[in-house]
Amino acid sequence: MKVRTRFAPSPTGFMHIGNLRTAIFEYLVAKKYDGDFILRIEDTDQNRKVEGAIDFIYKTLNLCGFKIDEGPLNEGSYGPYIQSERKEIYKKYALELVEKNEAYYCFCTEEELNSMREKANARKKPFLYDGRCSRLSKEKIEENLRNGVPYVIRQKMPKTGTTIVEDVVYGKIKIDNSILDDQILLKSDGFPTYNFANVIDDHLMAITHVIRGKEYLDQTAKYNLLYDAFGWEKPTYIHVAMVLGEDGNKLSKRNGDASFMDLYEDGYLPSAIVNYLVLLGWSPSDNKEIFTMDELASAFDEKRISKSSSSYDVKKLKWFNQKYIKEMNDEDYIKFVRPFLTLDVSNKSEEWVNKLLLIYKNHLSYGKEINELVNIFFNEEINISSELQEFMKSDENIDLVIKTYYEELAKLEDWHPAKITEVIEIVKEKTGVKGKLLYMPIRIKISGVEHGPELPDEIYLLGREKVLKRLSN
Ligand code: GLU
């Protein structure tokens, strides 16, 4: 049987990295087994729907290098791929369950349900629907339907015994049937609940592996009962623990938590993001850290997904991104980073700009950061922290070193990195100072920071005027 996995987001126009991490796992399971990766849009909660959200999901997945084998914009033979267009399908299957006595019409009003809820609260018990409508007579049901009384369709749960859920990550889970609610399958507006639609769709779309957040694990008992009621084969379940935000809380749009698109727009490379995310909650059998998509597809092993939640760590993501940036060839790097540079370069040559960008290639951790890094080339004034000012006073030779640099650079005829390298040697000879005391003082004077790109390049690009002015300050 061909392996088929699906990514099933709601069209909210937002994808945080936790959702994306699930998509990555789904994609990798499909590719590992030469299977298909399907995109299904779960828009049964019409309130959360956002215009353009489907394009947004395609764009995100495409940027990440995922090929969507079937989805709303490239339908295969299992469509429609948008749940709101499948309403009739859900209704048909819900009625089939009613027919089989596995589900029933429920005509309870909001008031009746509220009073049941209050009673449960008073007894400090979780609210479970008491099943009263499952006992309605055939005549009463027909009369209500004839009179257009609003209804939902509920699943009839067994009241005793247990239901087993088998999961690749969490093993065998036993759920007591007595805690299962006669959940709603079809709402009064005719839309299915997620709990119903996911089962119908996964079956009809021939999904073999369901990969989703751990929060659905316990619910899966109810889904298994639905599969059994229809006599359908269950998929392989792979539930994955949550990715928590940096503050240890659940990721959410509301908290402005790491969204893929924000990261992308800040200049994180999709390949680096994917590489970073796949290692959140999964580890290969060796210590390899950097993977291409092809390497991932063969190395990925769903049995090695971790049971515990992991935390998003932007520092670690930066580390990955920097590694990926370093690996780019110069031309690709310039193409990548140039659009992020927002400082005014109108009076600079293209050659100067490119050289400037290049000397930071090994330092840059994300695209937008370029503006911070090159700031010293654009500002008239630089700030030297009090700590570095202390350092500048810490050795009696420092003033001499600075003075000698000034004199030698002032008279340098050919302003060029190779010549500037020679000047550094001359200063070394003339002052007898070497190592940190030779490099740090000038670096601090001209840039305000102690680390940076190659010193001759930095001096060269700053230009004689700025360098001398800063040295003499
Ligand atoms: N629409 C669900 C979600 O976004 C999908 C869960 C699933 O993959 O079944 O959480």
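The model shown is predicted, which means the values in this text are computed figures rather than measured ones. Reckoned from all heavy atoms, side chains included, excluding hydrogens, waters and symmetry mates. We number each residue from 1, following the sequence as shown.
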- Task: Applying side-chain contact (heavy atoms from CB on, under 4.5 Å), run through Phe66 and Thr60 and close with a yes or a no.
- Result: CA-CA 9 Å; Phe66 301 167; Thr60 301; over 6 Å; no
task = Apply side-chain hydrogen bond (donor to acceptor under 3.5 Å, both in side chains) to the pair Tyr276 and Asn321, showing each step before the final yes or no.
result = CA-CA 9 Å; Tyr276 166 70; Asn321 207 47; over 6 Å; no
task = Report the C-alpha distance between Leu204 and Tyr78 in whole Å, list the side-chain angles of each, state the deciding distance to 0.1 Å, and finish with yes or no for side-chain contact (heavy atoms from CB on, under 4.5 Å).
result = CA-CA 7 Å; Leu204 293 181; Tyr78 298 87; 6.0 Å; no
Practice task
Apply side-chain contact (heavy atoms from CB on, under 4.5 Å) to Lys323 and Trp319, showing your working.
Solution key: CA-CA 6 Å; Lys323 269 202 158 336; Trp319 181 85; 3.4 Å; yes
- side-chain contact (heavy atoms from CB on, under 4.5 Å) between Ile41 and Ile57, intermediate numbers included: CA-CA 9 Å; Ile41 302 298; Ile57 294 165; 3.7 Å; yes
Going through the checks in order, is the side-chain hydrogen bond (donor to acceptor under 3.5 Å, both in side chains) test met by Ser346 and Asp344?
CA-CA 6 Å; Ser346 52; Asp344 179 15; 2.6 Å; yes
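Of the possible donor and acceptor atoms, one in the side chain of Arg304 sits under 3.5 Å from a partner among the backbone N and O of Ser283. Remark: the backbone N or O of Phe14 is paired with a side-chain donor or acceptor of Thr12 at under 3.5 angstrom. At distances below 3.5 Å, at least one donor-acceptor pair connects side-chain atoms of Lys32 with backbone N or O atoms of Phe300. Between the side chain of Lys250 and the backbone N or O of Met242 there is no donor-acceptor pair closer than 3.5 Å. Of the possible polar contacts, none joining the Asp266 side chain to the Lys368 backbone as a donor-acceptor pair under 3.5 Å is found. For the pair Trp282 (side chain) and Asp301 (backbone), a donor-acceptor distance under 3.5 Å is present. Although no hydrogens or angles enter the test, the distance criterion places a donor-acceptor pair under 3.5 Å between the side chain of Asp189 and the main chain of Phe191. Without hydrogens or angle criteria, Asn329 side chain to Asp332 main chain gives a donor-acceptor distance under 3.5 Å.
The two residues Ala103 and Ile153 have their closest heavy-atom pair at CB-CG2, 3.9 Å. Among all heavy-atom pairs drawn from Met261 and Leu63, the shortest one is CE-CD1, 4.1 Å. The two residues Ala53 and Gly13 make their nearest non-hydrogen contact at CB-N, 3.6 Å. Taking every heavy atom of both residues into account, Asn275 and Phe291 meet most closely at OD1-N, 2.8 Å. Here the shortest heavy-atom pairing between Val278 and Leu296 reads CG1-CD2, 3.7 Å. When all heavy atoms of Tyr333 and Leu357 are compared, the pair lying nearest together is OH-O, 2.6 Å.
When side chains are defined from C-beta on, Lys307 counts as touching Tyr170, because their heavy atoms get closer than 4.5 Å. Side chains of Leu73 and Leu39 form no contact here, defined as non-hydrogen atoms less than 4.5 Å apart. At least one side-chain heavy atom of Tyr312 sits under 4.5 Å from a side-chain heavy atom of Leu317. A 4.5 Å side-chain heavy-atom check between Arg21 and Ser310 finds at least one atom pair inside the cut-off. Using a 4.5 Å cut-off on side-chain heavy atoms (C-beta onward), Leu462 and Phe377 make contact. Leu341 is not listed as a side-chain neighbour of Val337, based on a closest heavy-atom distance of 4.5 Å or more. Counting heavy atoms from C-beta outward, Phe378 and Asn371 have side chains that stay 4.5 Å or more apart. Residues Thr193 and Lys187 meet the side-chain proximity criterion, which asks for heavy atoms closer than 4.5 Å.
Remark: Lys156 NZ to Glu102 CD distance equals 8.0 Å, nearest 0.5 Å. Rounding to the nearest 0.5 angstrom, the gap separating the NZ atom in Lys355 from the CG atom in Leu358 is 7.5 Å. Note that CG of Asn114 and OG1 of Thr109 are 8.5 Å apart. Values are rounded to the nearest 0.5 Å. To the nearest 0.5 Å, atom CG of residue Leu20 and atom CD1 of residue Ile24 are 4.5 Å apart. Taken to the nearest 0.5 Å, the NZ atom of Lys2 stands 10.5 Å off from the OG1 atom of Thr208. Remark: Glu458 CD to Ser447 OG distance equals 4.5 Å, nearest 0.5 Å.
Within a 6.0 Å sphere centred on CG of Asn287, heavy atoms belonging to other residues, nucleotides or ligands number 12 at most. The environment of CG in Asp286 is crowded: more than 12 heavy-atom neighbours from other residues, nucleotides or ligands sit within 6.0 Å. For NZ of Lys214, the number of neighbouring non-hydrogen atoms (other residues, nucleotides, ligands) closer than 6.0 Å is 12 at most. In this structure, Glu75 places its CD atom where more than 12 heavy-atom neighbours from other residues, nucleotides or ligands lie under 6.0 Å away. Crowding of Tyr264 atom OH: a count of heavy atoms from other residues, nucleotides or ligands under 6.0 Å not exceeding 12.
No close placement of the Tyr268 and Tyr324 rings is indicated, their centers lying 6.0 Å or farther apart.
Relative to the ring axis of Phe260, Lys59 does not place its NZ or CZ within 45° and under 6.0 Å from the centre.
A salt bridge links Asp182 with Lys159; the closest basic N to acidic carboxylate O contact falls under 4.0 Å. With salt bridges taken as basic N to acidic carboxylate O contacts below 4.0 Å, one links Glu295 and Lys288. Between Glu112 and Arg132, at least one side-chain nitrogen of the basic residue sits less than 4.0 Å from a carboxylate oxygen of the acidic one, meeting the salt-bridge criterion. Comment: Glu289 engages Lys316 in a salt bridge, judged by a side-chain N to carboxylate O separation of less than 4.0 angstrom. With salt bridges taken as basic N to acidic carboxylate O contacts below 4.0 Å, one links Lys234 and Asp228. We find that Glu96 and Lys100 are joined by a salt bridge, their nearest charged nitrogen and carboxylate oxygen being less than 4.0 Å apart.
Between the side chains of Thr163 and Asn177, a donor-acceptor pair is found at a separation under 3.5 Å. In this model, no donor atom of one side chain and acceptor atom of the other lie less than 3.5 Å apart for Glu42 and Tyr194. Asp313 and Ser311 share no side-chain donor-acceptor pair at under 3.5 Å.
Using the six-membered ring where Trp is involved, His239 and Tyr237 have ring planes that are tilted, between 30° and 60° apart. Relative ring orientation between Phe230 and Trp232 is described as parallel, the plane-to-plane angle staying below 30° on a 0-90° scale split at 30° and 60°. Ring-plane geometry between Phe37 and Phe7 is classed as parallel, the angle between the planes falling under 30 degrees on a 0 to 90 degree scale with a further cut at 60.
A side chain to side chain donor-acceptor pair (under 3.5 Å) with Asp202 is found for one member of Arg40, Arg4, His209 and no other, namely Arg40. Checked against Asn195 for a side chain to side chain donor-acceptor pair (under 3.5 Å), the options Gln183, Lys222, Gln155 give a single hit: Gln183.
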